Amino acid sequence: MPTNIVAVYGTLREGLNNHELLTECKRIGLGWLTGFRMHNLGNFPGIASTHDESGRIRVEWYDVSDEILASLDQLEGYDPKTPESSMYVRKRVFSPYGRGWIYVYNKSLDNAPYMEAGDWERYSRTSMLHQGAQSA
């Protein structure tokens, strides 16, 4: 069965709301990926390439089947036939595990706050704790 290496950095990460798509997949690693900057789009992040080694994002690496990759494409609003109008585009990246994929936001990030820490899972966890403290 063909497999694909995919880097996930937002709601697909373990413990977050879209991770259920990856529960049958093997997580092969966790680390930082340089060359990207993360922006807060409200309920999910978007990333953009920095075209150099500046910026970094926290990613989990998964080994996924072609079927799961197609499901991820659908979730991310990526249509390989019309990438220019897709919400995200799937781009090749190099990983410690070989060539992989990552979804890069394909719209303007001008009004989206830059997230210097680059870790959506940590942001989500602290954001929920902060909301809980406000409602207590």
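These figures come from a predicted structure and were not determined experimentally.
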Side-chain contact, heavy-atom cut-off 4.5 Å: [X] with [Y]?
{"X": "Leu109", "Y": "Leu41", "result": "yes"}
{"X": "Asn43", "Y": "Thr11", "result": "no"}
{"X": "Asp63", "Y": "Asn4", "result": "no"}
{"X": "Ile5", "Y": "Ile28", "result": "yes"}
{"X": "Tyr105", "Y": "His39", "result": "no"}
{"X": "Arg13", "Y": "Arg58", "result": "yes"}
{"X": "Leu22", "Y": "Leu72", "result": "yes"}
{"X": "Leu69", "Y": "Arg90", "result": "yes"}

Which heavy atom of [X] sits nearest a heavy atom of [Y], and at what distance?
{"X": "Pro45", "Y": "Gly10", "result": "CG-CA, 3.6 Å"}
{"X": "Met38", "Y": "Gly118", "result": "CE-O, 3.5 Å"}
{"X": "Leu30", "Y": "Val59", "result": "CD1-O, 3.3 Å"}

Can you say whether the rings of Phe44 and Tyr88 are parallel (under 30°), tilted (30 to 60°) or perpendicular (over 60°)? tilted
Output yes when a side-chain donor or acceptor of [X] lies under 3.5 Å from a complementary backbone atom of [Y], and no otherwise.
{"X": "Ser86", "Y": "Val89", "answer": "no"}
{"X": "Asn106", "Y": "Met87", "answer": "no"}
{"X": "Asn40", "Y": "Ala112", "answer": "no"}
{"X": "Ser65", "Y": "Ile68", "answer": "yes"}
{"X": "Ser95", "Y": "Arg99", "answer": "no"}
{"X": "Tyr9", "Y": "Leu33", "answer": "no"}

Same cluster for Tyr97 and Ile102 if Ile/Leu/Val/Met/Phe/Trp/Tyr side chains link at under 4.5 Å?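 Both belong to a single hydrophobic cluster.
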Point-to-point distance, once rounded to the nearest 0.5 Å, from [atom1] of [X] to [atom2] of [Y]:
{"X": "Arg37", "Y": "Tyr114", "atom1": "CZ", "atom2": "OH", "value": "8.0 Å"}
{"X": "Ser49", "Y": "Phe36", "atom1": "OG", "atom2": "CZ", "value": "5.0 Å"}
{"X": "Cys25", "Y": "His19", "atom1": "SG", "atom2": "NE2", "value": "8.5 Å"}
{"X": "Lys107", "Y": "Ser85", "atom1": "NZ", "atom2": "OG", "value": "6.5 Å"}

Give a yes or no on this: more than 12 heavy atoms of other residues, nucleotides or ligands lie within 6.0 Å of atom [atom1] of [X].
{"X": "Phe94", "atom1": "CZ", "result": "no"}
{"X": "Asp52", "atom1": "CG", "result": "yes"}
{"X": "Glu84", "atom1": "CD", "result": "yes"}

Decide whether Glu121 and Tyr123 meet the rule of one side-chain donor and one side-chain acceptor closer than 3.5 Å.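 No pair is found: no donor N or O on one side chain lies under 3.5 Å from an acceptor on the other.
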Trp101 ring centre to Arg92 NZ or CZ under 6.0 Å, with the angle to the axis within 45°?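 Yes.
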Among Asn17, Asn18, Val6, the one residue meeting side-chain contact (heavy atoms from CB on, under 4.5 Å) with Leu12: Asn18
Is Glu14 salt-bridged to Arg27, going by a charged N under 4.0 Å from an acidic O?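 Salt bridge between Glu14 and Arg27, a charged N being under 4.0 Å from a carboxylate O: yes.
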Between Arg56 and Asp119 (salt bridge meaning N to carboxylate O under 4.0 Å), is one present in this structure?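 Salt bridge: no.
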